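As structure tokens, the structure follows; a few thoughts come after it.
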Amino acid sequence: MEHSLEKERIPRNEDSIPSLFSFITFRRESVGGFLFNPYLFNEIPLSNIEIRILEHCNGNFSLRDITGRIRDELSLSHDQAYQCIHEAMNVFEGYCAINWVHQRHDSAHQGGGTACSMHPPAGCQAKSNSSNNSSNNSILSAPLSVLWEITRKCNLGCKHCLIDAGVQDKDEMSLNEVKRTIEHLAELKVFKITFGGGEPLARKDFMDILDYATGFDLGIKLSTNGMLVNDQLIDRLGDTNVCSVQVSVDGLESTHNAFRGSERSFKKATSALKSFSDAGYWTMMSTAVTRYNIDELEELLDLAIDCGVSAFKASPFIPVGKGKENIEELAISQQEIRALAGIMLEKKQEYEGVLDLQIDGLFPWLLGPCDGTHGYATPVGCSAGVSEVVFTPTGDVLACPFLQDFVAGNLRDRSLKDIWEDSEIFNVFRNLTGDRLEGECNGCGYVPDHCQGGCRAAAFAWTGNLFAHDPHCWKGLE
């Protein structure tokens, strides 16, 4: 059992009674399950034994009680059960999930129940918002997360916008439809929603949506361009379950402003990041790497640190939506990606513990052995249709925001549960084995142990073939 979050262990004895914090949720799957902490905005996978132990952490059982139950249920010796339980408790404590109580609760608590405040328990520090993809081949009972393009309305005109946002769609889901969908997500125990757009804050009833979602055990992330962010908004968001914020910064001031089509956009974006960071939110600066900003990435890292952000994500430009019109102007070459991967990998090591650099899209593992030396012991692949789905403003369900033409179903016609279980499109992504990939991906030694095929959306955008070689992979240049 390997999990990355650690904190100082709390002394405990056989009479100690573990109880999950009210903001913690978990979900059992056919094999094991997942534990979710909204403050960290990522879920961790649990084994069958861990999930069974977690189900006893409801304030009704002492460690002595749990040891006896697990010993009898799994036909273990006392020492084996004791060791399993204490290892599991170390995992739960490291993930800031367990509260030790002195008296038994009157009734069992199965996780969740109160809103996510912005004051996590002592020792609980956000490390990363990157999800761990399920490592088994079985289909999850529901998505772990949803990216919800809540509106097409936007107050900027970005050259790479994947949905060509601007004017609100007349057929966007109503507030009541959104509320019903949120209820269904909670029933399925989907852990988190990222609200994006367009610009989500431009939707007039967006705060009503956030208020409603806050009534459920859902972690919420806000993806915004920052144009409508001010102190009043940040104070208002403190009453919601928003625990994580992403703001795109696509270059230094002149570059970003030209790219976004507004002379105010850079200052608003960086000001928003700093304000959210100062308010205690987990924040990410996201950058689409283009010809305009590829030489500014190192300075953007310094800017990210100045803004106090938690993470920086760099992803190569993908020509979809409005970006199709600007391919020659924006696209970068494999040679440029390789050079950038080396720089960013050095920066990742330099800024370890200060800034989380998320650079998977640059294929940095090609620079050395993928044995954990560079922090890439976990296979890098796509979560589209496997653990994540996308909702469009009109209710279409997609596997990936960059694959707008691959519609799995519509929430107005079918439930997410039915779409999730029956979609042929999702099954394509769930069965992306190395022998189904084409070009250099077919037979590649990195597949599937280290790379699971790269980005299928990039392959389709550049070639029209979902199974083609990812054009951002620079392995052929070695």
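Not measured: the values here are computed from a predicted model. The chain is numbered in sequence order, starting from 1.
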Is the CD atom of E352 crowded by more than 12 outside heavy atoms at less than 6.0 Å?
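Counting neighbours around CD of E352, 12 or fewer heavy atoms of other residues, nucleotides or ligands fall under 6.0 Å, so no.
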
Taking NZ in K347 as the centre, count heavy atoms belonging to other residues, nucleotides or ligands within less than 6.0 Å. Is the count above 12?
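Count over threshold, so yes.
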
Determine, for D211 against R236, whether the closest basic-nitrogen to carboxylate-oxygen distance falls under 4.0 angstrom.
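Salt bridge: yes.
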
Close side-chain approach of M285 and Q246, heavy atoms under 4.5 Å
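They are not in side-chain contact.
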
Measuring only between side-chain heavy atoms, which start at C-beta, is P401 closer than 4.5 Å to E149?
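Yes. Closest side-chain heavy atoms under 4.5 Å.
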
Quick one: are the ring centres of F460 and F406 less than 6.0 Å apart?
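Aromatic pair counts; centres sit under 6.0 Å.
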
Within 45 degrees of the ring normal and closer than 6.0 Å to the centroid, is that where the cationic atom of [X] sits relative to [Y]?
X    : Y    : result
K189 : F34  : no
R456 : F429 : no
R430 : W420 : yes

Would you call the rings of W365 and F363 parallel, tilted or perpendicular, where under 30° means parallel and over 60° means perpendicular?
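Tilted.
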
Classify the ring geometry between H56 and F61 as parallel (under 30°), tilted (30 to 60°) or perpendicular (over 60°).
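If you compare the ring of H56 with that of F61, the planes turn out perpendicular.
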
Step-by-step side-chain contact (heavy atoms from CB on, under 4.5 Å) determination, F426 to V389
CA-CA 9 Å; F426 290 165; V389 296; 3.7 Å; yes

